[in-house]
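What follows is a short report on a single structure.
Bear in mind the structure is a predicted one, so any value in this text is a computation, not a measurement. Remember, it's 1-based here, ligands and their atoms both numbered in the order they're listed.
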Amino acid sequence: MARARTVFVCQQCGAQFAKWLGRCQECGAWETVVEESVAPRPATGGGGGFGGARTSVAIAAQRAAKPRALSAVTSESHARIRTGLEELDRVLGGGIVPGSVTLLGGDPGIGKSTIGLQVLAELAKGGLTALYVSGEESPEQVKLRADRLSCNESVLILPETCVEEIIGHVAATDPGIVLIDSIQTMHSRELTSAAGSVGQVRECAAALVAQAKSTGKPMLLIGHVTKEGTIAGPRVLEHVVDTVLHFEGDQGGGLRLLRAVKNRFGPTNEVGVFEMGERGLEDVANPSAVLLAERPKGASGSAVLPTIEGTRPLLVEVQALCTRSALAMPRRTTLGLDANRVAVLTAIVDKRAGLKLFEHDLFVSVAGGIRVQEPAADLAIIAAIGSSASDTPLPEGLTLFGEVGLAGEVRAVRHAETRLREAHKLGFTRAVVPAATARQVRAPDGLDVQGVATVLELWTALFGGRRRAAAAASRQHDDAGDAF
Ligand code: TYD
Ligand code: MG
């Protein structure tokens with residue numbers, strides 16, 4: 001393949017240079033200059049430079065050249081390829097769309113290669129030719145994993161990192177699906193920069209996307225999340241691909257969440273739940289039960305929150321630990337929750353319920369490696385903190401949700417009935433919710449729903465009010481010097 005000319009382009013101002021510069025001479029920005037190829041590619045090559053987007057646009061343009069009324073467009077349902085992994089299909093919106101490119105991102109060791117191989121093996125079982133391009137592991141290593149998963153061995157393996165070679169092999173073998181593990185290890189001969197650099201990652205992805213679009217065969221790209229938490233640096237790939245999936249979870253625990261961050265062919269924010277077991281990733285049909293399985297009985301500082309992940313309810317345990325601090329500036333540590341939110345809630349309980357925590361370290365976390373971002377977690381966080389501070393376990397079978405405002409008012413949140421149904425399904429008998437929700441909602445039989453309008457009302461319901469709480473505080477101080 002003829003060698004293309006490369007230039008170095010500043011991503012901020014667009015200035016071009018003949019060599020790489022740490023700082024753009026035009027706009028003065030640091031580390032914004034990236035290598036790009038500018039020569040037109042041969043037919044097999046695909047896009048160049050900014051080409052990912054341009055090439056796919058060009059191909060789309062070839063297919064539908066004439067403008068027509070939107071009403072005349074029939075929304076033909078894409079014939080999706082079901083992967084056999086229920087949770088993955090759910091996240092994708094029903095399966096893989098032919099010709100689509102899916103980016104699968106996540107921390108190292110989270111299970112990206114595992115799920116990739118499982119998908120290929122399932123599809124190979126259904127008679128599809130599946131090609132696994134490995135830039136990280138040798139065929140022997142991939143085979144070891146395949147043995148562990150006891151999966152179909154008709155998957156084709158190609159240890160290769162040169163994108164031009166890969167494109168040639170794909171054209172020759174014409175597989176039904178291609179997996180690239182990982183995009184950061186790929187390099188294009190047309191660029192001189194190292195594999196994994198922004199220019200290389202973008203160039204390789206653009207070329208692969210172009211091939212997927214022109215052949216109509218789907219492609220999965222595995223991408224590592226960088227230290228900044230983005231895939232392959234400054235989100236260089238997310239606009240080039242059709243779907244971006246994020247794999248998250250606690251490496252220690254077995255549960256993994258697969259989240260659609262972007263999806264051109266289905267819902268975003270849908271979540272699939274897997275468990276990493278001895279034989280790879282398995283669908284988890286009832287994640288709430290798994291998340292609550294190890295919940296301590298009768299321990300203080302534990303509250304159960306019905307949270308919503310995408311469109312599905314998930315019962316998670318919010319834990320708080322409040323201890324006397326030896327530090328002038330007590331520690332505030334959170335895991336799986338927004339630290340600023342917890343700080344605001346601590347100030348609210350101080351002001352509205354008289355819980356003084358300025359001499360206490362406070363640790364608040366969500367068990368099971370789940371991240372909860374929604375304000376509906378406020379009531380559960382406050383209940384967990386109050387429970388630990390007063391060393392009073394919350395009643396068995398209690399669950400809480402609701403947003404709390406700075407004035408101490410409790411506000412309604414969305415999906416109240418879904419949350420209550422999930423709590424009821426898992427045997428919860430009592431729910432403390434915002435007063436407005438309690439008035440409107442149709443609670444399942446056997447679930448006692450109690451509305452609270454303020455933090456003080458919550459406090460009274462759970463810990464017997466401000467005065468009782470203050471008394472508990474001083475008692476705790478005198479006794480063990482433990483909490484409150
Ligand atoms: P892997 O798919 O290699 O992660 P990634 O490609 O995202 O870096 O999976 C890594 C972890 O998964 C590793 O710690 C071993 C574990 N694992 C299992 O627990 N069970 C299994 O069946 C397999 C294949 C892996
Ligand atoms: Mg891997």
Side-chain angles (χ1 to χ4, degrees), residues 83-88 91-92 102-125 130-153 155-161 163 166 177-187 195-196 201 204-205 208 219-233 237-238 241 243-261 271-284 287 290 293-294 368-369 371:
T83 64
L85 290 157
E86 281 295 318
E87 294 288 305
L88 176 64
V91 174
L92 289 170
T102 303
L103 176 65
L104 179 61
D107 289 336
I110 197 88
K112 301 181 294 299
S113 304
T114 305
I115 197 171
L117 185 57
Q118 280 181 261
V119 168
L120 293 200
E122 282 293 328
L123 294 179
K125 217 192 284 173
L131 177 65
Y132 188 122
V133 181
S134 177
E136 295 193 344
E137 293 163 314
S138 66
E140 292 73 24
Q141 283 170 307
V142 178
K143 174 79 163 75
L144 276 179
R145 184 180 291 118
D147 287 346
R148 190 164 173 189
L149 301 172
S150 349
C151 68
N152 191 304
E153 297 186 2
V155 173
L156 298 177
I157 173 97
L158 171 67
E160 182 59 74
T161 55
V163 75
I166 294 168
I177 184 162
V178 182
L179 171 76
I180 307 288
D181 186 5
S182 65
I183 189 69
Q184 274 97 348
T185 56
M186 299 298 143
H187 70 94
V201 166
C204 294
L208 292 165
M219 189 170 284
L220 304 175
L221 305 179
I222 288 180
H224 294 291
V225 172
T226 60
K227 280 193 223 89
E228 292 77 35
T230 51
I231 297 175
L237 287 182
E238 297 197 354
V241 300
T243 304
V244 180
L245 306 180
H246 260 276
F247 227 155
E248 316 170 347
D250 182 7
Q251 301 257 345
L255 221 55
R256 303 279 190 272
L257 292 192
L258 188 65
R259 204 185 290 276
V261 188
V271 187
V273 186
F274 295 92
E275 199 166 11
M276 179 65 96
E278 276 303 300
R279 299 182 57 190
L281 290 154
E282 277 168 28
D283 293 335
V284 177
V290 176
E294 290 170 54
R371 279 196 66 77

Minimum side-chain heavy-atom gap Leu85-Leu281 below 4.5 Å: no
Ligand 1 contact by Gly277, heavy-atom criterion under 4.0 angstrom: yes
Option of least heavy-atom distance to atom 5 (P) of ligand 1 (set: Gly106, Gly105, Gly116, Gly109): Gly109
Arg279: numbered ligand 1 atoms lying under 4.0 Å from its heavy atoms: 22 (O)
Side chain proximity check, Thr243 to Leu245, heavy atoms < 4.5 angstrom: yes
Close side-chain approach of Thr185 to Ser182, heavy-atom, < 4.5 Å: yes
Sub-3.5 Å N/O-N/O distance, Thr114 and ligand 1: yes
Heavy-atom donor-acceptor pair, Lys112 side chain to Gly106 backbone, under 3.5 Å: yes
Ligand 1 to Ser113 polar contact by distance, N or O atoms, under 3.5 Å: yes
4.5 Å side-chain heavy-atom contact, Gln141 and Glu136: no
Near the Mg ion (ligand 2) (cut-off under 2.8 Å), count of protein N, O or S atoms: 1
Proximity of Pro108 to ligand 1 by residue part, where a heavy atom lies under 4.0 Å: backbone
Part of Lys112 within contact of ligand 1 (heavy atoms, under 4.0 Å): both
Leu255 and Phe274, any side-chain heavy atoms less than 4.5 Å apart: no
Within-4.5 Å side-chain heavy-atom neighbours: Gln118 and Leu149: yes
Inter-residue atom distance Ile110.CD1 - Arg256.CZ, 0.5 Å rounding: 4.5 Å
Side-chain heavy-atom pair Val284, Glu87 within 4.5 angstrom cut-off: no
Polar side-chain atom of Glu122 near backbone of Val119 as donor-acceptor pair, under 3.5 Å: no
N or O contact, Gly111 vs ligand 1, cut-off under 3.5 Å: yes
Proximity to ligand 1 by part of Leu149, non-hydrogen separation under 4.0 Å: side chain
